[in-house]
Amino acid sequence: MITKMNHVSIYVLDQESAHDFYVDKLGFKVHTDAPMGPGKRWLTVTPPDQPDLEIALMLIDEGMMFTTDSAAKMRELVKSGTFGFGVFQCNDLNATYEELTAKGVEFTKPPTEEFYGYEALFKDDSGNWFSLGQKK
Amino acid sequence: MDQYPRQYLYLRAVRAKLFIDANFASSIDLDKIADEACFSKFHFVRLFQSIYGSTPHQYLTHVRIEKAKEYLEEGQTVAYACFKVSFDSISSFTGLFKRRTGQTPRQYQLERLAFKEAVAAKPLAYIPGCFAEKKGWK
């Protein structure tokens with residue numbers, strides 16, 4: 001029986017820049033930050049109220065996972081906003097929108113009332129997009 | 001309050017929060033923030049609480065404790081963390097820290113430093129095998 005999810009991964013273009021985005025702008029906490037050899041790093045962050053969900057910020061690099069060609073294609077896809085990774089939740093969407101905008105987060109959809117609740121869309125520093133929601 | 005558009009009120013409260021985020025290490029006069037936000041203190045506290053679920057004072061304490069945790073994780077002394085986030089005394093800081101986190105600052109620090117050392121010594125024990133394998137780390 002599956003009980004919960006504890007790791008998800010997001011592909012990013014630059015782990016240091018992603019660290020700054022998720023920690024300094026979104027307010028996430030670093031869970032694990034381990035150097036894994038030259039240019040390699042295992043970096044996970046957690047949302048403030050969900051310390052047991054590690055979001056791995058995975059660098060798109062050539063190696064066992066990507067060839068030089070597929071890494072270049074993957075970078076292009078991420079950069080152009082192909083991937084939507086999930087829905088974050090907040091208690092007050094308008095306030096969170098204003099705060100993140102003031103911190104330089106780019107929104108592609110302002111807070112909008114939908115039939116399922118209130119929603120805005122934003123992009124991370126790599127180009128991955130997320131929904132930010134507030135339940136009605 | 002009713003004469004202001006709702007979005008304007010949000011902006012004021014958000015700015016107050018951002019001010020606390022940026023100035024938690026200084027001696028912040030929360031009454032002054034309410035004045036600058038053009039609110040009566042009562043309305044300011046009520047609006048802030050409705051948005052963030054805590055009063056400005058509670059939020060300021062939260063930010064200070066969270067920043068103190070970062071200093072402790074860096075290996076700084078309890079006294080350093082205490083005064084760096086603008087608490088007046090180590091005993092009041094320690095008491096508040098324990099009420100908020102369930103641990104004394106020193107207990108918290110030892111636990112976090114032990115975790116960091118364990119990760120540094122055996123990182124693969126903290127990385128799901130499937131990821132480590134795909135990355136060629138095992």
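Source: prediction; values computed, not measured. Every chain is numbered from 1, with letters handed out A, B, ... down the list of sequences.
The two residues A:H7 and B:F131 have their closest heavy-atom pair at CB-CE1, 4.2 Å. Of all non-hydrogen atoms in A:A95 and B:V14, the two that sit nearest each other are O-CG2, 3.5 Å.
If you measure heavy-atom distances from B:K17 to chain A, the contacts under 4.5 Å come from the side chain alone. Of the two parts of B:I51, the backbone and the side chain both hold a non-hydrogen atom closer than 4.5 Å to a non-hydrogen atom of chain A. The part of B:E133 that comes within reach of chain A is its backbone (N, CA, C, O), which places non-hydrogen atoms under 4.5 angstrom from that chain.
Centroid-to-centroid, the aromatic rings of B:Y126 and A:W42 stay 6.0 Å apart or farther.
By the rule that hydrophobic residues join a cluster once side-chain heavy atoms approach within less than 4.5 Å of another member, B:V78 and B:F97 end up as members of one cluster. Both A:L132 and A:Y22 are members of a single hydrophobic cluster when ILVMFWY side chains are connected at heavy-atom separations under 4.5 Å. A:L77 and A:V12 fall within a single hydrophobic cluster, where Ile, Leu, Val, Met, Phe, Trp and Tyr are joined by side-chain heavy atoms under 4.5 Å apart, directly or via other members. Residues B:Y108 and B:L113 do not share a hydrophobic cluster, clusters being chains of Ile/Leu/Val/Met/Phe/Trp/Tyr side chains in contact below 4.5 Å. B:I20 and B:L18 fall within the same hydrophobic cluster, defined by Ile, Leu, Val, Met, Phe, Trp and Tyr side-chain heavy atoms under 4.5 Å apart, directly or through other members.
When the shell of 6.0 Å around CG of A:N91 is examined, it contains 12 or fewer heavy atoms from other residues, nucleotides or ligands. Other residues, nucleotides and ligands contribute over 12 non-hydrogen atoms within 6.0 Å of the NZ atom of A:K109. Heavy atoms from other residues, nucleotides or ligands lying under 6.0 Å from CG of A:D52 number more than 12. For B:K122, the NZ atom is loosely surrounded, since the number of other residues' heavy atoms within 6.0 Å does not exceed 12. Taking a 6.0 Å sphere around CG of B:D88, one finds it holds 12 or fewer heavy atoms contributed by other residues, nucleotides or ligands.
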side-chain contact (heavy atoms from CB on, under 4.5 Å) for B:K135 and A:M36? Distances and angles first, verdict last. CA-CA 10 Å; B:K135 282 284 193 182; A:M36 299 301 294; over 6 Å; no
Report the C-alpha separation of A:T32 and B:F115 in whole Å, then their side-chain angles, then the decisive distance to 0.1 Å, and conclude whether the side-chain contact (heavy atoms from CB on, under 4.5 Å) test is met. CA-CA 9 Å; A:T32 308; B:F115 175 74; 3.9 Å; yes
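Atom NZ of A:K29 is separated from atom NZ of B:K69 by 6.5 Å, given to the nearest 0.5 angstrom.
By a heavy-atom distance cut of under 4.5 Å, not one residue of residues 122-130 of chain A is near chain B.
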